[in-house]
Amino acid sequence: MTERRIAQVRAYTVGAGGGADYHDQQGYHWIDDHIATPMSRYPGYEQSRRSFGLNVLGTLVVQIEADDGTVGFGVTTAGEPGAWIVERHLARFLEGAPVTAIEKIWDQMFRSTLFYGRKGLVLNVISAVDLALYDLLGRLRQEPVYALLGGAVRDELTFYATGARPDLAQQLGFIGGKMPLHHGPHEGEAGLRANVAELAAMREKVGDDFWLMWDCWMSLEREYAVRLAGAANAYGLKWLEEPLIPDDYWGYRDLRRQLPPGMLLTTGEHESTRYGFRMLLEMGCADILQPDVGWCGGITELIRISALADAYGALVVPHGSSVYSYHFVITRTNSPFSEFLMMAPEADEVVPMFQPLLLGEPVPVDGRLRLPDTPGFGVELNPEVPLVRAVARS
Ligand SMILES: C[C@H](O)[C@H](O)CC(=O)C(=O)O
Ligand SMILES: [Mg+2]
């Protein structure tokens, strides 16, 4: 293959809601309906995550154009600050470099941003660039990303669903349902009882064998989490997800030892890089790691995180991220199933996660999906969604 070089990098924000910033929804949506969060303790921020600014960043789209005009793209949650980082800082490591220099470009982006990066927004941006590079390489080679990653280890993906209605997810063929936790510790014993009553009612609806999990979205304290897990055990809770803030590695380590036997502890969607996941693994913080490929450092870093996890006997079940996760999960034996985020406002039907931004996004049918072999990640930007190149080059 002729060696292609990167001609131009472009960063865009997106006018419409949704897309990679999937919390940015209008009107009623289960994903913003009194979900327990680290901010719930402050009056006025309990009912809606949008109220404390969960949707302030918006979507970032990174396009990378090769010198033959082929364009790959990646998306993340980073909006205008992310566009600034791409255009004013990271572009220098990309433009003129070989398209195949993915490892070197990653290393340069990471090292050059250490003085203000390491986690969070900067890693979201590095992830989007990395996804765009993989998409571009796949398009140039006319191969799906999963083929670039060594090929599929199984024929199809199997999914659990995240949403407010595991009972409907069961009817739609998913293997389990992960519900948001609705009441945080600030709601006291009554809130704890209300949480357990919701779980009990859902168990009644789905029967004994369907997986039920709780996503606590960093909202709990350890003592509360122990009591909640103890009460939930009677209703067969499969895992307790992200109960503590991400930096409390010590809390996760201790909590994992205090959970009822058989109940799993999961976390990682707000963790990034191999260094963050090394902490989780070495300290024994979780049974299942849940990196988000759009936030943890992209495919390049997820490969390292997954290998590290495998050596520790931990599963990696990436957080959401649709096709960007699927192309990875299908290639890894320690990623036996996938998450599907139910983005229908009532969680009552399967709709593409990144709508309206992407076209061609495949969705599970009967809880399963055979990945198409379309080049790259197999999705296109929807021309009807306006993109804004908000940051001029200096
Ligand atoms: C449902 C959760 O609160 C969050 O919005 C998504 C998430 O953490 C997950 O899918 O996992
Ligand atoms: Mg989660």
Side-chain angles (χ1 to χ4, degrees), residues 17-25 28-40 45-57 59 76-77 124 159-166 168-169 174-184 195 198-199 202 211-220 225 228 237-246 252 264-272 280 285-296 315-322 324-326 329 335 337-347 350-354 363-364:
D21 195 353
Y22 60 88
H23 288 113
D24 189 16
Q25 303 291 335
Y28 175 81
H29 199 293
W30 71 265
I31 209 160
D32 203 22
D33 185 16
H34 199 102
I35 291 178
T37 80
M39 287 293 285
S40 303
Y45 298 113
E46 281 173 288
Q47 179 52 34
S48 156
R49 293 194 280 192
R50 277 175 285 181
S51 71
F52 70 75
L54 183 55
N55 59 337
V56 292
L57 287 173
T59 295
T76 190
T77 322
N124 290 13
F159 291 85
Y160 77 87
T162 296
R165 296 296 304 271
L168 300 182
F174 290 93
I175 56 173
K178 187 173 80 187
M179 302 179 283
L181 188 79
H182 282 128
H183 307 280
N195 283 329
E198 264 181 52
L199 175 64
M202 195 52 75
W211 297 357
L212 285 179
M213 297 77 93
W214 253 332
D215 192 328
C216 309
W217 212 75
M218 310 172 275
S219 63
L220 308 183
L228 184 71
L237 188 77
K238 186 172 176 67
W239 77 60
L240 194 69
E241 177 166 322
E242 215 186 12
L244 310 176
I245 60 168
Y252 277 98
L264 305 177
L265 185 57
T266 72
T267 193
E269 71 185 69
H270 296 105
E271 188 56 83
S272 46
L280 291 175
C285 295
D287 298 283
I288 300 180
L289 297 181
Q290 300 165 308
D292 186 307
V293 67
W295 303 340
C296 72
L315 297 183
V316 175
V317 178
H319 171 247
S321 289
S322 181
Y324 299 106
S325 288
Y326 305 162
V329 167
S335 299
F337 55 91
S338 291
E339 174 179 16
F340 184 75
L341 250 166
M342 299 291 281
M343 290 315 302
E346 305 280 352
V350 171
V351 297
M353 183 188 161
F354 285 127
V363 293

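Just so it is clear, the structure is predicted and the values come from calculations on it, not from any experiment. Sequence positions, counted from 1, serve as the residue numbers for this chain. Remember, it's 1-based here, ligands and their atoms both numbered in the order they're listed.
- Scored by the salt bridge (charged side-chain N to carboxylate O under 4.0 Å, His left out) test, E339 finds K178 as partners (sequence neighbours excluded).
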**OP:** Give the intermediate values and the outcome of side-chain contact (heavy atoms from CB on, under 4.5 Å) for residues E198 and H183.
**Re:** CA-CA 10 Å; E198 264 181 52; H183 307 280; 3.8 Å; yes
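- Shown here are the ring-ring contact (aromatic ring centres under 6.0 Å, His included) partners of Y252, two or more places apart in sequence or in another chain: there are none.
- Protein N/O/S atoms closer to the Mg ion (ligand 2) than 2.8 Å number 3 in this structure.
- Around atom CZ of F337, more than 12 heavy atoms belonging to other residues, nucleotides or ligands sit under 6.0 Å away.
- By the 30° and 60° cut-offs, the orientation of the rings of W217 relative to F52 is tilted.
- Of the candidates N55, D32, D24, R50 forms a side chain to side chain donor-acceptor pair (under 3.5 Å) with just one, namely D32.
- Atom-to-atom distance recorded for E46:CD and S51:OG is 9.5 Å, nearest 0.5 angstrom.
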Inventory of protein N or O atoms under 3.5 Å from ligand 1 N or O:
unit_1	atom_1	unit_2	atom_2	d
ligand 1	3 (O)	R49	NH1	2.9
ligand 1	3 (O)	R49	NH2	3.2
ligand 1	5 (O)	H23	NE2	2.7
ligand 1	5 (O)	R49	NH2	2.8
ligand 1	8 (O)	D215	OD2	2.8
ligand 1	8 (O)	E269	OE1	2.9
ligand 1	8 (O)	E269	OE2	2.8
ligand 1	10 (O)	H319	NE2	3.3
ligand 1	10 (O)	E339	OE2	2.5
ligand 1	11 (O)	K178	NZ	2.7
ligand 1	11 (O)	D215	OD2	2.8
ligand 1	11 (O)	E241	OE2	2.8
ligand 1	11 (O)	E269	OE1	3.0

Original post:
What do the steps show when you test D33 against Q47 for side-chain hydrogen bond (donor to acceptor under 3.5 Å, both in side chains), and what is the final call?
Top reply: CA-CA 6 Å; D33 185 16; Q47 179 52 34; 3.1 Å; yes
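- The aromatic rings of H319 and H270 are tilted relative to each other, their planes meeting at an angle between 30° and 60°.
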